[in-house]
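The structure appears right after this line, and notes come after that.
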Amino acid sequence: MFVRVLYHDHCFDGAASAAYFSRFIGDSIHPGAEFRYTGMAHKPSQILDSTLFDGDENAIVDFKYSSDPKLTWWFDHHQSAFLSPEDAEHYRCDKSGRKLYDPSYKSCTSFIRDIAAAKFGFKAPDLEDLVKWSIVIDGAQYPDARTAVELGAPAMQLTLVIEAVKGSDLVQRVIGWMQRRTLAEIMAEPEIQSLYEPLYRRHVESIDIIKRLSQQDDGVVFFDLDGYEIEGYNKFIPYYLFPDSVYTVSVSPSSFRTKISVGSNPWAPLEPKHNLASICERYGGGGHARVGAISLAPGEVQRARTIAGEIVAELKR
């Protein structure tokens, strides 16, 4: 039995979801199954090609739905889970009981944990720390911005590596390790440590860069990372630097897309009133009510700036 798992790449919850799902399937549904992984990124073209589904079983976790008949398992918790109304209708008509969606969950990993226990009787007490940290990290459940930025716990340090490492090979090794090892043990791996140390230095530098570039007005922080070769940054840095802010909007070019990130301050003095996923959906993006993103083609920096400016103006209202 060969199981193909598509997961949200360079994301702690994406990796943890793939790990928990694989442990569940391997321990209770298909013992001895071989698992292979494909990391998925949000890009301007979101079509999921049928050739991706080459397993005896094919799963998507923590990523958008596909109506491909070869898809056998699906778990997601994003508001923007469907690429089209047709995909949403296809999901509603599914009778397999193996395609599951609940946007109320803080993490996809915790959703898989609960469904595996309730519907299939599978429990993995040794993975509870992984589930706990998926909720903290993906659901922004840190006690304050300082904790989120200073990266004191192994899970937070590992998140920095997962989000910043080039390619998917290391992330997929981490997925394998997550199934049987603690997060502290994974962080102690020499390969992980050798990557973490320069990434942490770059993380500290990015705090200063974002501070220099940021403009705050009416509770909205905006910055443009074009020209700084920062493909990802800790999304809590703006709230660490500007604790009175309510929203953040940023432009960050990378090798495969031009990204507009939109977020809200979990510790804001005022309750955020905008649904950021709904705003991003108007520009072809999506996400959750409190955090979203839009992906444009590489090089579309000027268009990204225009969209970001429109969103900033809307969030100020």
Side-chain angles (χ1 to χ4, degrees), residues 1-42 46-78 81-83 87 90-91 93-102 105 107-128 130-131 133-134 138 158 162 165 167-183 186:
M1 173 63 64
F2 158 37
V3 182
R4 172 67 68 183
V5 182
L6 282 63
Y7 66 95
H8 187 190
D9 209 359
H10 300 291
C11 166
F12 184 92
D13 189 37
S17 295
Y20 204 102
F21 174 80
S22 300
R23 175 77 179 272
F24 156 52
I25 297 297
D27 282 9
S28 65
I29 306 296
H30 297 302
E34 174 191 358
F35 291 86
R36 299 178 195 168
Y37 302 97
T38 301
M40 304 299 295
H42 295 291
Q46 288 287 297
I47 296 172
L48 300 180
D49 193 276
S50 182
T51 59
L52 293 168
F53 305 114
D54 59 352
D56 300 306
E57 293 259 33
N58 297 287
I60 297 175
V61 295
D62 198 38
F63 204 76
K64 293 182 181 290
Y65 183 77
S66 171
S67 58
D68 193 291
K70 291 185 286 186
L71 180 68
T72 49
W73 293 89
W74 178 65
F75 289 88
D76 194 32
H77 71 129
H78 293 88
F82 303 101
L83 293 169
D87 277 354
H90 187 275
Y91 161 74
C93 294
D94 181 77
K95 305 300 181 185
S96 69
R98 296 186 173 193
K99 297 174 183 177
L100 299 134
Y101 173 61
D102 190 336
Y105 272 81
S107 78
C108 189
T109 309
S110 60
F111 180 39
I112 295 171
R113 186 269 312 270
D114 289 354
I115 293 296
K119 292 197 170 191
F120 300 93
F122 173 77
K123 295 183 180 181
D126 58 310
L127 295 184
E128 279 305 301
L130 179 68
V131 174
W133 277 106
S134 75
D138 214 55
L158 185 59
I162 288 171
V165 69
S168 300
D169 289 348
L170 179 69
V171 178
Q172 291 171 16
R173 286 198 293 281
V174 169
I175 290 169
W177 292 333
M178 281 177 166
Q179 295 174 48
R180 304 286 175 182
R181 301 175 65 183
T182 68
L183 296 170
I186 295 170

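Computation of the quantities below employed the complete heavy-atom set of this structure, encompassing side-chain atoms and omitting hydrogens, waters and symmetry-equivalent molecules. It should be emphasised that the depicted structure is a prediction, and the values quoted were computed from it without experimental measurement.
Smallest separation of non-hydrogen atoms from V61 and C108: C-SG, 4.5 Å. Across all non-hydrogen atoms, the minimal contact from I162 to V171 is O-CG2, 4.0 Å. Of all the heavy atoms in S134 and S110, the pair that sits closest is OG-N, 4.1 Å. Summarising the geometry of A19 relative to M178, their closest heavy-atom pair is CB-CB, 3.5 Å, with the distance given to 0.1 Å.
Atoms OG and CZ, from S67 and F82 in turn, are 11.0 Å apart once rounded to the nearest 0.5 Å. The line from OG of S22 to CD1 of I175 is 7.0 Å long, rounded to the nearest 0.5 Å. The CG atom of D94 lies 4.5 Å from the NZ atom of K99; values are rounded to the nearest 0.5 Å. Atom CZ of residue R23 and atom OG of residue S28 lie 10.0 Å apart, to the nearest 0.5 angstrom. Atom OG of S66 is separated from atom CG of D87 by 6.5 Å, given to the nearest 0.5 angstrom. The line from CG of L71 to CG of L52 is 10.5 Å long, rounded to the nearest 0.5 Å.
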Legend entry - Criterion side-chain contact (heavy atoms from CB on, under 4.5 Å) on N58 and F2, from CA distance to verdict: CA-CA 9 Å; N58 297 287; F2 158 37; over 6 Å; no
Legend entry - Intermediate values then yes/no, side-chain contact (heavy atoms from CB on, under 4.5 Å), D76 and D62: CA-CA 5 Å; D76 194 32; D62 198 38; 4.0 Å; yes
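Between M40 and I60, every side-chain heavy-atom pair lies at or beyond the 4.5 Å cut-off. The shortest side-chain heavy-atom distance between D13 and Y105 does not fall under the 4.5 Å cut-off.
Taking the six-membered ring where the residue is Trp, Y101 and Y91 present perpendicular rings, their angle passing 60° and hence far from 30°. Taking the six-membered ring where tryptophan is involved, the planes of H8 and H78 are perpendicular, since the angle between them exceeds 60° and thus also 30°.
Between E57 and the options K70, H30, R4, a side chain to side chain donor-acceptor pair (under 3.5 Å) holds for only H30. The one candidate from F53, Y65, F120, Y7 that meets the ring pair (Phe, Tyr, Trp, His ring centres under 6.0 Å) condition with W73 is F120. Paired with F24 under the rule ring pair (Phe, Tyr, Trp, His ring centres under 6.0 Å), one option of F75, F122, F35, F111 passes, and it is F122.
In this structure, D27 pairs ionically with R180, as a charged nitrogen and a carboxylate oxygen lie closer than 4.0 Å.
Geometrically, R113 does not engage Y20 in a cation-pi contact, judged by NZ or CZ lying under 6.0 Å from the ring centre and within 45° of the ring axis.
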